[in-house]
Every structure is written in structure tokens, then in C-alpha cells.
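First comes the structure, then the notes that go with it.
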2 protein chains.
Amino acid sequence: MSEGVEWAMHSCLNLAWLDSDEAMTAARLAAFYDLPPAYLNKQLQALARAGILTSTPGPRGGFRLARPLEQITLLDVVTAIEGPGDAFRCEQVLRKGPEGRDDVDYRKSCFISQAMRQAELAWRKELAGQTLADIKAKVERASPGTPRATREWFARRRS
Amino acid sequence: MSEGVEWAMHSCLNLAWLDSDEAMTAARLAAFYDLPPAYLNKQLQALARAGILTSTPGPRGGFRLARPLEQITLLDVVTAIEGPGDAFRCEQVLRKGPEGRDDVDYRKSCFISQAMRQAELAWRKELAGQTLADIKAKVERASPGTPRATREWFARRRS
DNA sequence: GCCCGTTTACTCGGATACCAAATGTCCGAGTGGTCCGGG
DNA sequence: CCCGGACCACTCGGACATTTGGTATCCGAGTAAACGGGC
């Protein structure tokens with residue numbers, strides 16, 4: 001799985017801890033975790049394309065959350081970065097076998113494919129069951145100073 | 001996910017349909033689905049290292065199942081091919097943050113990491129809940145001629 | 001005919017190329033702020 | 001002092017390198033069978 005998933009989730013949390021009326025630059029968000037700025041920008045673009053963030057160019061521009069964290073599941077973020085395809089992609093090897101037929105979609109009929117799909121479905125269900133708001137609440141419960149510290153760090157780095 | 005997982009599972013099923021007292025060559029198993037022989041050999045080696053297959057060199061050598069299908073879960077095959085690592089590998093980006101500490105294992109404490117791990121756990125649980133014997137039974141129920149046809153195909157290709 | 005040593009052909013196993021995708025970087029289009037001149 | 005326009009700095013967005021891992025291939029070590037000669 002791509003590295004950008006982790007970056008995207010943490011950056012979304014940071015965005016949630018900032019005043020939502022001001023946009024945050026990709027460069028600032030990258031500096032917070034010492035990440036390559038241009039590459040994080042690429043990931044944030046993916047989030048924007050997925051409708052999770054909104055992007056505004058020009059001075060005072062940047063990224064901000066497109067909707068409240070309660071409406072952003074972990075699956076949303078993963079899908080935005082990794083794409084909608086399944087991790088296990090059935091290449092329909094049965095078609096090349098001696099009994100293979102061209103008019104059959106083995107992604108549906110092959111029992112191995114079905115089992116793998118079922119497992120990924122369980123994975124997706126778990127991810128869809130947790131929102132970033134849940135994560136945010138857990139973090140604030142474990143270390144209540146995080147929101148204030150994060151805001152202050154970005155304010156100090158405004159220079 | 002690697003292509004080899006699909007190849008490995010189908011090849012294990014084919015091995016199960018053959019007389020288990022004779023080993024089957026990687027080249028024959030590859031020819032059944034028109035796969036690159038040397039590359040399938042590589043995947044079968046991984047299965048052998050994982051203890052799923054046993055390999056014997058020399059003439060009349062090849063691969064055979066190391067244990068009955070009932071004791072081979074889909075997770076076993078996936079782990080053998082993909083390795084034991086998680087798909088989502090937490091790079092502990094929090095450590096590089098302003099509040100990051102070197103003596104903390106963020107793979108354990110980070111709530112994002114926990115959530116992703118929980119989802120993968122559900123995925124693994126689904127895979128571990130199904131054995132190749134279950135798949136084999138489903139196939140034989142859907143198309144009972146498969147075992148005989150497979151045996152005959154390999155017998156005909158013995159030349 | 002039977003046994004044993006040699007040859008031989010066949011298999012896995014790992015070392016070696018190749019290629020696609022993830023990772024990382026750079027520059028241009030576009031926007032909003034800012035500054036300056038005029039009223 | 002207030003307003004309008006031009007300039008400018010800043011940001012995203014996509015196009016362009018680089019590196020890593022998956023894909024594919026080839027050749028050697030080792031083994032068991034087969035063969036031939038001797039008893």
C-alpha cells in the first residue's frame with residue numbers, strides 16, 4: 001500500500017485542528033512531518049479530486065476540508081489515494097486453462113476470486129466503519145494538548 | 001497484490017486433484033494455464049519455503065502438497081507469496097513531528113495505525129477461515145468433472 | 001541373471017536482466033494580494 | 001483620503017526524472033533413473 005495513505009490521514013487530522021476558515025499550504029503540512037512538499041502536494045491533489053479536500057490557488061490559498069470529519073471514513077481516504085481497484089485482481093487464469101471459455105467472467109464465477117473478494121469486503125467494511133472524527137476523538141482523549149499544540153505550531157511557522 | 005497468489009492457489013488445487021504419490025513439475029503446472037514456467041517455479045519455491053509444498057529435485061521430481069488441503073488456509077498461501085508484512089506499513093510519521101519521541105513505537109500507539117491494523121486483521125480472519133479444501137469442494141460441486149478432466153489432462157501431457 | 005559403478009537427463013534453486021509503478025522533483029497557469037498613481 | 005489598475009508573489013496542477021519492487025529469464029548444483037559392464 002502506498003505511503004501517501006498515512007500522510008493523507010495525518011494531514012487531514014491536522015487540517016481539522018486548524019481554523020477551518022483559512023486554507024493550509026501543502027508545504028506547511030509537509031514541514032510538520034518533514035515530508036517532501038511536492039510529493040505530499042500530489043497526494044492532497046488526489047484527496048481534492050476525491051472530494052475530501054477543496055483546493056484554492058494563489059496567495060492565502062491551499063487546502064481545507066471539504067466536509068466535516070464525521071463524514072470522512074478511512075475507506076474514503078484509502079480509496080482516494082490507492083484508487084478504486086481491488087488489491088487482489090483476478091487475472092482470470094482459468095480462461096487460459098484447458099476448460100477455459102471466453103464468454104465467462106471468471107472474476108465472478110471463480111471461487112478463489114469470490115473468497116478473496118469476500119475478504120477484501122470485510123477489510124473495506126472495517127475501514128468504512130471508522131471516520132476520521134473517531135480517530136480525532138481518540139487522539140484528543142489520549143493527549144488533550146494536541147489540538148492547541150498543533151494550532152500553535154502552524155501559527156509559529158506562519159513566518 | 002502479487003500475481004503469484006492466484007497462480008499458487010490454482011496450482012495447489014491442481015496438485016490436489018492429482019495422485020499425491022507422484023510429484024508434478026513446475027513446467028507442467030505452468031503449461032496448464034499457459035504461464036511462464038520459470039516464474040511459476042519461483043512462486044512454488046516460496047510455497048515450499050513456507051512448508052505448504054515439498055520439492056524434490058532430479059528426474060521424476062517436482063512439487064507435491066506437504067499436508068492435506070484441509071490444513072491449508074487461503075491466508076497461508078497469501079502469506080507465503082506476499083510475505084508476513086502488513087499491506088499498510090506504518091512509517092511512524094509522528095516521530096518526525098514536533099511532538100515526536102524516539103522512544104515511542106508509534107506502530108502501536110498511533111490510532112491510525114491501530115485502525116488500519118484492525119482492518120487488516122479482519123481481512124486475515126476471513127482468509128484464515130477458508131481452506132483450500134473448501135474451495136476444492138465448491139469447485140467439485142459446481143463442475144463435478146473437473147478432477148477427472150484435470151487428471152487426464154496432465155496424464156495426456158506426460159509426453 | 002544379478003549387482004554395482006558410471007553416465008545421463010532432468011529437476012529445483014538461486015543469481016541475473018527487464019519493466020512497470022511508486023516515489024520524488026520541477027516548472028508553468030492562474031489567482032489574490034499589494035503597491036502606486038490618479039482623482 | 002479613496003479608488004482603480006498594473007505588477008507581483010504565491011499556490012496548485014500537471015509534466016518530467018529517479019528508484020524500488022514485481023516480473024521474467026537463464027544457468028548451475030544436485031539427484032534419481034537408466035544404462036552398461038562385470039561377476
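Chain A is the first sequence line, chain B the second, and so forth, proteins listed ahead of strands; every chain is numbered from 1. Since the structure is predicted, the reported quantities are computational estimates derived from the model, not experimental observations.
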**Request:** Grab the CD-P distance between Q45(A) and dT25(C) for me, whole Å please.
**Result:** 15 Å
**Prompt:** How would you label the contact of A26(B) with the nucleic acid (heavy atoms, under 4.0 Å): base, sugar-phosphate, or nothing?
**Reply:** sugar-phosphate
**Nearest-angstrom distance from the residue atom CD of E22(A) to P of dG33(C)** = 13 Å
**Message:** Going by salt bridge (charged side-chain N to carboxylate O under 4.0 Å, His left out), name the residues that satisfy it together with E99(B), two or more places apart in sequence or in a different chain.
**Reply:** none
**Asked** Is E6(A) reaching over with its side chain to a backbone N or O of E91(B), donor-acceptor style, under 3.5 angstrom?
**Response** yes
**Message:** One thing to verify: whether R107(B) and D86(B) come together as a salt bridge, which I'm taking to mean a side-chain N less than 4.0 angstrom from a carboxylate O.
**Reply:** no
**Message:** Whole angstroms only, please: what is the CZ-C1' distance between F63(B) and dC12(C)?
**Reply:** 6 Å
**Message:** Rounded to whole Å, please give me the gap between CG in L35(A) and P in dG24(C).
**Reply:** 9 Å
**Prompt:** Whole Å only: how far is the CG atom of L44(B) from the C1' atom of dT11(C)?
**Reply:** 13 Å
**Message:** For the residue pair T131(A) / D134(A), report whether a side-chain donor-acceptor contact shorter than 3.5 Å exists.
**Reply:** yes
**Item:** Residue pairs involving residues 26-57 of chain A (criterion ring-ring contact (aromatic ring centres under 6.0 Å, His included); sequence neighbours excluded)
**Value:** W7(A)-Y39(A), H10(A)-Y33(A), F32(A)-W153(A), F32(A)-F154(A)
**Request:** Going 5' to 3' through nucleotides 17-24 of chain D, assign each nucleotide B (protein heavy atom under 4.0 Å from a base atom), S (under 4.0 Å only from sugar-phosphate atoms) or - (no protein heavy atom that close).
**Result:** ------BB
**Prompt:** Which ones in residues 48-56 of chain A lie close to DNA chain C, meaning a heavy atom under 4.0 Å from one of its atoms?
**Reply:** none
**Prompt:** Between the side chain of R124(A) and the main-chain N/O of L75(A), is any donor-acceptor distance below 3.5 Å?
**Reply:** no
**Request:** Assign a letter to each nucleotide of nucleotides 27-34 of chain D from its 5' end: B, base within under 4.0 Å of a protein heavy atom; S, sugar-phosphate only; -, no contact.
**Result:** ---BBBS-
**Asked** According to the ring-ring contact (aromatic ring centres under 6.0 Å, His included) rule, which pairs have a member within residues 75-114 of chain B, sequence neighbours left out?
**Response** none
**Asked** For A46(A) and A80(A), which heavy atoms make the closest approach, and how far apart are they?
**Response** CB-O, 3.8 Å
**Asked** Would you find a donor on one side and an acceptor on the other, under 3.5 Å apart, between the side chain of E120(B) and the backbone of A87(B)?
**Response** yes
**Request:** Let me know the distance between CD of E6(A) and P of dA22(C), rounded to the nearest Å.
**Result:** 17 Å
